[in-house]
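Order of the sequence lines sets the chain letters (A, B, ...), proteins ahead of strands, with each chain counted from 1.
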Amino acid sequence: MPELPEIETILRGLGPALVGHRIAAVTVHDHRLRGGVAAGFAGRLTGRRIEALGRRGKYLLATLDDGWCWLMHLGMSGQLLLGAADGPARPHDHVHVILDDGRILVYHDPRRFGRMAVVDRAQLERETGAGIDPLVDDLTAAALFQMTRRRRTSIKALLMDQRRVAGLGNIYVNEILFRAGVRPRRRAGMLTRAACGRIVTATHRVLAEAIRRGGSSIADYRDGFGRAGRFQQRHRVYDRAGLPCRRCGHPIRTVVIVGRSSFYCARCQR
DNA sequence: CGCACCCCCTGCCGGC
DNA sequence: TGCCGGCAGGGGGTGC
């Protein structure tokens, strides 16, 4: 579910609400998330103060007052919801974090593809540090051009590879390539410098607009307070197979690239 | 190196 | 109506 704009929306909402607060209690109702929730997880969080909340790619990171880092990934169906008080536990509410003022942060994740761990700096770097984050780092046309040289893979697969560009997923890569006028199957290594420039510009514009609209809610994405996003209303190609292109009217085509549905306009994208 | 094909898991939708 | 297959915003591993 959540890609960079959704995680950024959650970060901007929850950051001011969480930073400075101490964690009073933690309950893990189901440890079967990706990689498993470690036995000592609750103990490492309990009593700690949240010094900062940040993001890298699709990871959320809370810096703790003992120098360790609380790492969160929402997978496909994860939600992080801050509530006033502890209500009845719903199905798939796997982790409850009670704050010093009584508010509760619930991690809800039907598919359990998310991840939750307390890690040190080295492990944090190993898990999140590889790719260029278009908001945190400087993703330039020159950097993308260099990254794509001699790569035989498609530009879509390359942009979705978190070790190269961090934070983009299936929705946003489709939308970015439409706005850049580049077909998703194009070989990365064959792209011109100008095409790389258009992709970088489109990346920054799409992400900025998506964040401004609170992310994309296709089925179940919600921000930290349970609110849906509105960027799905601005999607040009994602999930629009057969529908007319919003720019030229040509039907949107769909094709599978490295196992993921891809959508493009054969007239607007070359 | 790149990709096809597995896995993880639940929910939803369309076809029969 | 109910069942079944396919698909869904994530990542990881293996083997060719």
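For the pair A/His92 and B/dG11, the criterion of a side-chain N or O lying under 4.0 Å from OP1 or OP2 is met. OP1 or OP2 of C/dA8 sits under 4.0 Å from a side-chain N or O of A/Ser261. Distances shorter than 4.0 Å separate some side-chain N or O of A/Thr153 from OP1 or OP2 on B/dC3. Distances shown here put every side-chain N or O of A/Lys58 at or beyond 4.0 Å from the OP1 or OP2 atom of C/dG9.
One interatomic measurement links the two molecules: CG of A/Asp161 to C1' of C/dG13, which rounds to 15 Å at whole-angstrom precision. We find that NE2 of A/His108 is positioned 13 Å from P of B/dT10, with the value rounded to whole Å. At whole-Å resolution of the value, CE in A/Met160 and P in C/dG12 are 13 Å apart. Rounded to whole Å, the distance from CE on A/Met76 to C1' on C/dG12 is 14 Å. When the C1' atom of C/dG11 is taken as reference, atom CZ of A/Arg112 falls 15 Å away, rounded to whole Å. The distance between atom NE2 of A/His73 and atom P of B/dC8, rounded to the nearest whole Å, is 19 Å. The nearest whole Å value for the distance from the CZ atom in A/Arg163 to the P atom in C/dG11 is 11 Å. Between the CZ atom of A/Phe113 and the C1' atom of C/dC7 there is a distance of 12 Å, given to the nearest Å.
Rounding to the nearest 0.5 angstrom, the gap separating the SG atom in A/Cys265 from the NE2 atom in A/His250 is 6.5 Å.
Counting non-hydrogen atoms under 4.0 angstrom, A/Tyr238 reaches the backbone sugars and phosphates but no base.
Nearest-nucleotide assignment on DNA chain B puts the 5′-proximal partner with A/Arg150, out of A/Arg150 and A/Pro110.
B/dG14: Watson-Crick or G-U partner is C/dC4, with both key distances under 3.5 Å. Base pairing annotation: B/dC9 forms no Watson-Crick or G-U wobble pair, as no partner gives both donor-acceptor distances under 3.5 Å.
The side chain of A/Gln162 approaches C/dG11 more closely than any other nucleotide in the set C/dG11, B/dC3, B/dC1.
With contacts defined as side-chain heavy-atom distances shorter than 4.5 Å, the pair A/Asn170/A/Lys156 qualifies.
Ion pairing between a basic and an acidic side chain is recognised when a charged N comes within 4.0 Å of a carboxylate O; A/Asp133 and A/Arg56 show no such pairing.
Results of the ring pair (Phe, Tyr, Trp, His ring centres under 6.0 Å) test with A/His73 over A/Tyr59, A/Tyr107, A/Phe113 single out A/Tyr59 as the only residue that passes.
Aromatic ring centres of A/His29 and A/His96 lie closer together than 6.0 Å.
Taking atom P in both C/dG5 and B/dC6, the straight-line distance is 15 Å, to the nearest Å. Taking the P atoms as reference points, C/dG6 lies 14 Å from B/dC5, given to the whole Å.
Judged by distance alone with a 3.5 Å cut-off, a donor-acceptor contact links the side chain of A/Arg111 to the base of B/dC9.
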